[in-house]
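So the structure is just underneath, and the comments pick up after that.
Please read all numbers here as calculations on a predicted model, not as lab measurements. To find a chain, count down the sequence lines: A is the first, B the second, and so on, and within it residues start at 1.
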Amino acid sequence: MFEKATRSRDKYFTVLTRDNQDEVPRLGLAISKKHCRKATARNRIKRVIRESFRQHQVQLAGLDIVVINQPAATLADRGAMNDSLEHHWQRCREAKRKKKNQES
RNA sequence: GGAGUUGGCCAGACAAUCGCUGCAGUUCGCUGUAGAGGAAAGUCCGGGCUCCUUCGGACAGGGCGCCAGGUAACGCCUGGGGGGCGCGAGCCUACGGAAAGUGCCACAGAAAACAAACCGCCGGCGCAGGUCGGUAAGGGUGAAAAGGUGCGGUAAGAGCGCACCGCGCGACUGGCAACAGUUCGCGGCACGGUAAACCCCGCCCGGAGCAAGACCAAAUAGGGGAGUGAGCGAGCCUUGGUGUUCGCACCGCCGGUCCCGAGCGGACUCCCGGGUAGGUUGCUUGAGGCAGUCGGUGACGGCUGUCCCAGAUGAAUGGUUGUCGUAAGACAGAACCCGGCUUAUUGCCAGCUCCGGCU
RNA sequence: GCCGGAUUAGCUCAGUCGGUAGAGCACAUCAUUCGUAAUGAUGGGGUCAGGUGUUCGAAUCACCUAUCCGGCA
């Protein structure tokens, strides 16, 4: 997963994407204790990511996605994180489309 | 109104909708229901629970330390006593022992505790420098210098004597006690500080921790249970074999100890499993909550009724909208479970104290 | 979840049976040199991580707190 993925990165998150054989999208979270020390803050980040993923899961069908947090995400508010994630989802879809075109 | 102090409460609520985790039901579409904290935190103490033979003792090691009570237990809590701080409400208090012993007390100072005498004061001797003796009132040093004040006394002085205060011991009174009282007597005073220095005294503590432990079970290594018997020496019985009694041993196992005791095991035969990855379980009904009542100053306890209130395992509580509300927050996320302590933190209420103003 | 250790000058470390906090490197000034380096001399710089207590006196002893590092798998 970590070797074959397409990366998308900003100051809040690193997002890895890869095709899967299924129609259902799958989400993995890697929220490190090193970048975010407090348990409540880690839970908050995970909730925001899950909610955003749930709302966009139709567009992300057929992808495996792993989200890794960056130090800046600890202090970010909900709006900033949502904007960042939406941008990442967009890039994931583009990466998938590009790959499909290459194959065909 | 301001400043302070003590105690207590809350941790947004309600509704709609889209989602998450457990449980129950299901016509497998879904439906119903429950779902983080006062600190869940730090891991500083005490227990429950599980395993280690954990049963006793010795020695280590650690903890606690005014008294009484509460408690499963505690280093916690309640009530009381002593000491200290504050004008006060109130707060703080590791608060046993320094005449069992050892150590330390820098610098300064004559001297830092067995004692002793630098300046001084007084007396003898000497023309004098001085020397011999008495003294600890005064000076100076220091954080600390061997009771304080006054009077008497003396060569000068000194608890040397007396009065008051202080101190120690004993009796008496009050109190369960710590302790207090000062009514009394005795002692002229002998006893510096430090035990969060070693130590002594009293009391307490076996170790590890749910990543404990148990079960299912690919792989791999060889082990586990049951039954029977037994080393050496001596005595007794017996034709012999055998049996029985006593003594002496060796090795391993107390996760701290080259320790002691108790206990278990050692050889042979028979039987079968063993347990790493992974999974299941332990896993939530408990020193439980709530209400009433009784006892107690209180911590708390008794009785009655009633309720079931998170159990995840890449680890669940959130998003949007509306109403109330000035506003929606602060610290912060259960991981075996309880009782405390400590730390972080939002808003509010009540009692009490001091100060200022008005009446 | 459980258990250890560390924190001292700008940096790396001494000092842990209490008594005015030191060393090396670095920094500044001076000397040396035609000048620089090297060398020598002098000097500055510390809330001993923070707080409370014990003590006459605390970097040192005790307790609490903060930050960092490590072990158990």
Mind checking who [N] pairs with, Watson-Crick or G-U wobble, both distances under 3.5 Å?
N: B:A24; answer: B:U31
N: B:C199; answer: B:G97
N: B:C49; answer: B:G209
N: B:A214; answer: B:U280
N: B:C118; answer: B:G139
N: B:U17; answer: B:G319
N: B:G1; answer: B:C355
N: B:G256; answer: B:C59

Of all the choices, [options], which nucleotide is nearest to the side chain of [X] once you look at every atom?
X: A:R78; options: B:A316, B:G319, B:G314; answer: B:G319
X: A:R47; options: B:G318, B:G319, B:A316; answer: B:G318
X: A:A39; options: B:A316, B:G319, B:A334; answer: B:A334

Which way is the base of [N] turned, syn or anti, if we draw the line at 90° from 0?
N: C:U54; result: anti
N: B:A99; result: anti
N: B:C309; result: syn
N: B:A158; result: anti
N: B:G147; result: anti

(request) Name the residue closer to the 5' end of RNA chain B, choosing between A:G28 and A:A41 according to the nucleotide with the nearest heavy atom. (result)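 Here A:G28 is the residue nearer the 5' end.
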(message) On RNA chain B, does the nearest nucleotide to A:E51 precede the nearest nucleotide to A:N43 from the 5' side, or the other way round? Give the residue.
(response) A:E51
Could you tabulate the donor-acceptor pairs under 3.5 Å formed by side-chain atoms of residues 46-53 of chain A, not counting sequence neighbours?
| from | atom 1 | to | atom 2 | distance (Å) |
| --- | --- | --- | --- | --- |
| A:E51 | OE2 | A:R54 | NH2 | 2.8 |
| A:E51 | OE2 | A:Q55 | NE2 | 3.2 |
| A:S52 | OG | A:W89 | NE1 | 3.0 |

(request) Could you tell me whether A:H87 atom NE2 has more than 12 heavy atoms of other residues or ligands within 6.0 Å of it? (result) no
Who are the side-chain hydrogen bond (donor to acceptor under 3.5 Å, both in side chains) partners of [X], not counting sequence neighbours?
X: A:T14; value: A:Q70
X: A:H88; value: A:S8, A:D10
X: A:E94; value: none
X: A:R91; value: none

(message) Can you check the distance between B:C105 and C:C17, where both ends of the measurement are the P atom (answer in whole Å)?
(response) 15 Å
(request) Report the C-alpha distance between A:D19 and A:L63 in whole Å, list the side-chain angles of each, state the deciding distance to 0.1 Å, and finish with yes or no for side-chain contact (heavy atoms from CB on, under 4.5 Å). (result) CA-CA 5 Å; A:D19 284 2; A:L63 289 171; 3.5 Å; yes
(message) Measuring only between side-chain heavy atoms, which start at C-beta, is A:V15 closer than 4.5 Å to A:V66?
(response)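 No - every pair of side-chain heavy atoms lies 4.5 Å or more apart.
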Value in whole Å for how far the [atom2] atom of [N] lies from [atom1] of [X]:
X: A:K46; N: B:A316; atom1: NZ; atom2: C1'; value: 10 Å
X: A:R54; N: B:C18; atom1: CZ; atom2: P; value: 10 Å
X: A:L29; N: B:C20; atom1: CG; atom2: P; value: 15 Å
X: A:M81; N: B:G318; atom1: CE; atom2: C1'; value: 12 Å
X: A:R44; N: B:A316; atom1: CZ; atom2: P; value: 15 Å
X: A:R42; N: B:G333; atom1: CZ; atom2: C1'; value: 10 Å
X: A:N82; N: B:G318; atom1: CG; atom2: P; value: 16 Å

(message) For B:A332 and A:T40 - does any side-chain N or O of the residue sit under 4.0 Å from the phosphate oxygens OP1/OP2?
(response) no
(message) Less than 4.0 angstrom between a side-chain N/O of A:R50 and OP1 or OP2 of B:C18, yes or no?
(response)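 Checking A:R50 against B:C18: no side-chain N or O falls below 4.0 Å of OP1 or OP2.
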(request) Evaluate the criterion side-chain contact (heavy atoms from CB on, under 4.5 Å) for residue pair A:K96 and A:T17; output intermediate values, then yes/no. (result) CA-CA 9 Å; A:K96 190 187 180 186; A:T17 319; over 6 Å; no
(request) Can you tell me which stems RNA chain C forms, taking runs of 3 or more consecutive Watson-Crick or G-U pairs with both distances under 3.5 Å? (result)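 Stems for RNA chain C, defined as runs of 3 or more consecutive pairs: C:1-7 with C:66-72, C:10-13 with C:22-25, C:27-31 with C:39-43, C:49-53 with C:61-65.
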